[in-house]
Every structure is written in structure tokens, then in C-alpha cells.
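Heads up: the structure comes next, in C-alpha cells.
Within every chain, numbering begins at 1; the chains are lettered A, B, ... in the order of the sequence lines, protein sequences first and strands thereafter. Model, not experiment: these values are computed from the prediction.
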Amino acid sequence: MDTISQGRFTSLSTDFFNRDPRRVARGLLGKLLIRKTPSGILAGRIVETEAYLGQGDAAAHTAAGRTPRNAVLFGPPGHAYVYFIYGNYYCLNVSCLPDGVPGGVLFRSMEPIAGIEQMAEARGIELPNNAVEETGLRKISLLKKISSGPGRISEALEITRERDNGKNLVSPRSDRRIVDDGDRVRRVAVTPRIGIVKSAEQPLRYYIAGNPFVSGHS
DNA sequence: GAGGAGATCGTCT
DNA sequence: GACGATCTCCTCT
């Protein structure tokens, strides 16, 4: 058990990810994505995910079989799959299902929790003084640009393919991992995934209903 | 507030 | 050689 500011949290187990990506995507809502850096801990609460099924899912990177790029998704569960998109952005996924069976979950959006100033700086956003102490709608509008969106999450947590692809996200020794601080999600909404063309109709996007940090349309 | 276009490059065909 | 699990900026309303 570690502590982050005033809270406590426990690591998720490998078994948590050794399941159907749809169950993992739903289960990850409310959990914390954290990264330890030399200058402090960065953390955000996961509020939006998308499941990518390894088999029978034309939109998944694994649809056409194993390649050097997607190898992590075919590997053991609980590892980071990071890919580069549109010449500009990195997107973070976590591998699911047993070694040899492809599948994963994309992190689409998170609510900034700790290390907010550092994450804003990594994103090139200048927060006004006392932004962290703000409340209500004003705070939401200030913080939403930090990590609402797949590319934004990676930039805020300083995640790159070169450094993070294939890294273990459950080991307590890892400097980037997914943990549970006891938060319980009340209501989960399910919609089709965003930004894809193939298999676009399947309801595989999950988000915390009513959470203001969800990206896109909620 | 909504909608459209450009940026930019790794990956696979 | 085409395209993509995105984001930002700009324009129009």
C-alpha cells in the first residue's frame, strides 16, 4: 500500500487484465493511472476507455495479425502498448487476455489528480495562479485540456513509444502503473468508439456517466 | 458552439 | 504510396 497525497492505493493484479477487453475497459473506470518522475508523482483518474478485441474486430491494430508494431498486444496481460498516430501523437493502451491472445484497452480520457502543474507544463498549457485550488465549472474548464483525449494523456504523462512500449503496468516496482484507490464508479455509459471507420457501430467505448472530463460527445 | 482543414510521419500494402 | 484508435486553430454562426 502506497500513498498519494492524502489517499491510499493498491496495484491491480495481472489477473485483472487477463480477461475479455470489454470487462477490463469497464473495470478500469475510476482507477488511477500514475507515473513516478524525478520531480514528483503524476496521476489521473481513468474516466473513459475503449475496448479493442483481438479477433473479429476490424478496427483493432491486431486485425491483420501480428506485426512488429502490435506485438505487445499479443503478449502477456497488463503491459503498455504505445503507438504513434497522425505524425504527432502517442496513444496508450494496456494489453489484455493471456499470452498469445491479442486484445487491449485504449485510455481515452482521465481526470487530473496529482502533479497537475507538471502535467500542464508537459502539455504546453499555462495554468493561472491557484488553478488547482479552483472549484466547480471553472476548475473543470481549466483542467480539461490537460488529459481529456488519448493524445493528451500520453503528452501529460510524458509517455512515448520509445520509452514506454512493452512496459509492465502492474508491477509495484514499475514507475508507471494502474492502481485502485477504492473509488467506486456509480454509472457506466456505453457507446460506439470514436475516430474509427471499421466496426464503427460496435458499442465498445465506456465512460463514467456524467463525468465532465470525458472527451468527445457524452 | 459547431464544423472544417492542416499538420506530420510511422506502418503496412 | 495511402492512410490513420488525434489535436489545434480558424472561421462562421
### Query
Side chains of Ser39(A) and Gln118(A): donor-acceptor distance under 3.5 Å anywhere?
yes
### Task
Report yes or no: is the cationic atom of Arg193(A) (NZ for Lys, CZ for Arg) under 6.0 Å from the centre of the six-membered ring of Tyr52(A), at an angle within 45° of the ring normal?
yes
### Query
Quick one: Tyr89(A) OH to dA7(B) C1', roughly how many Å, whole number?
8 Å
## Note on the structure
Between Pro150(A) and Ile85(A), whichever has its closest DNA chain C nucleotide further toward 5' is Ile85(A)
### Query
Is Arg193(A) touching bases, backbone alone, or none of the nucleic acid, heavy atoms closer than 4.0 Å?
nothing
### Query
Can you tell me how far OG of Ser95(A) sits from CG of Leu169(A), rounded to the nearest 0.5 angstrom?
7.5 Å
### Query
Where each residue is assigned the nucleotide of DNA chain C containing its nearest heavy atom, which of Ile196(A) and Ile125(A) is assigned the position nearer the 5′ end?
Ile196(A)
### Message
Tell me whether the rings of His61(A) and Tyr83(A) are parallel (<30°), tilted (30 to 60°) or perpendicular (>60°).
### Response
perpendicular
### Message
Has Ser174(A) got a side-chain atom pairing as donor or acceptor with Asn168(A)'s backbone, closer than 3.5 angstrom?
### Response
yes
### Query
Does the pair Tyr207(A) and Val47(A) meet the rule for a side-chain contact (heavy atoms from CB on, under 4.5 Å), with working shown?
CA-CA 6 Å; Tyr207(A) 62 88; Val47(A) 301; 6.0 Å; no
### Query
So which nucleotide does dA5(C) pair with, by the Watson-Crick or G-U wobble rule with both distances under 3.5 Å?
none
### Task
Give me the first and last nucleotide of DNA chain C, going 5' to 3', that has any atom under 4.0 Å from a heavy atom of chain A.
dG4(C) to dT8(C)
### Task
Using atom CG of Asn165(A) as one end and atom P of dG10(B) as the other, report the distance to the nearest whole Å.
15 Å
### Query
Taking for each residue the nucleotide of DNA chain B with the nearest heavy atom, is it Tyr86(A) or Arg161(A) whose nucleotide lies nearer the 5' end?
Tyr86(A)
### Message
Need the pair for dT8(B). Rule: Watson-Crick or G-U wobble, both distances under 3.5 Å, any strand; none if unpaired.
### Response
none
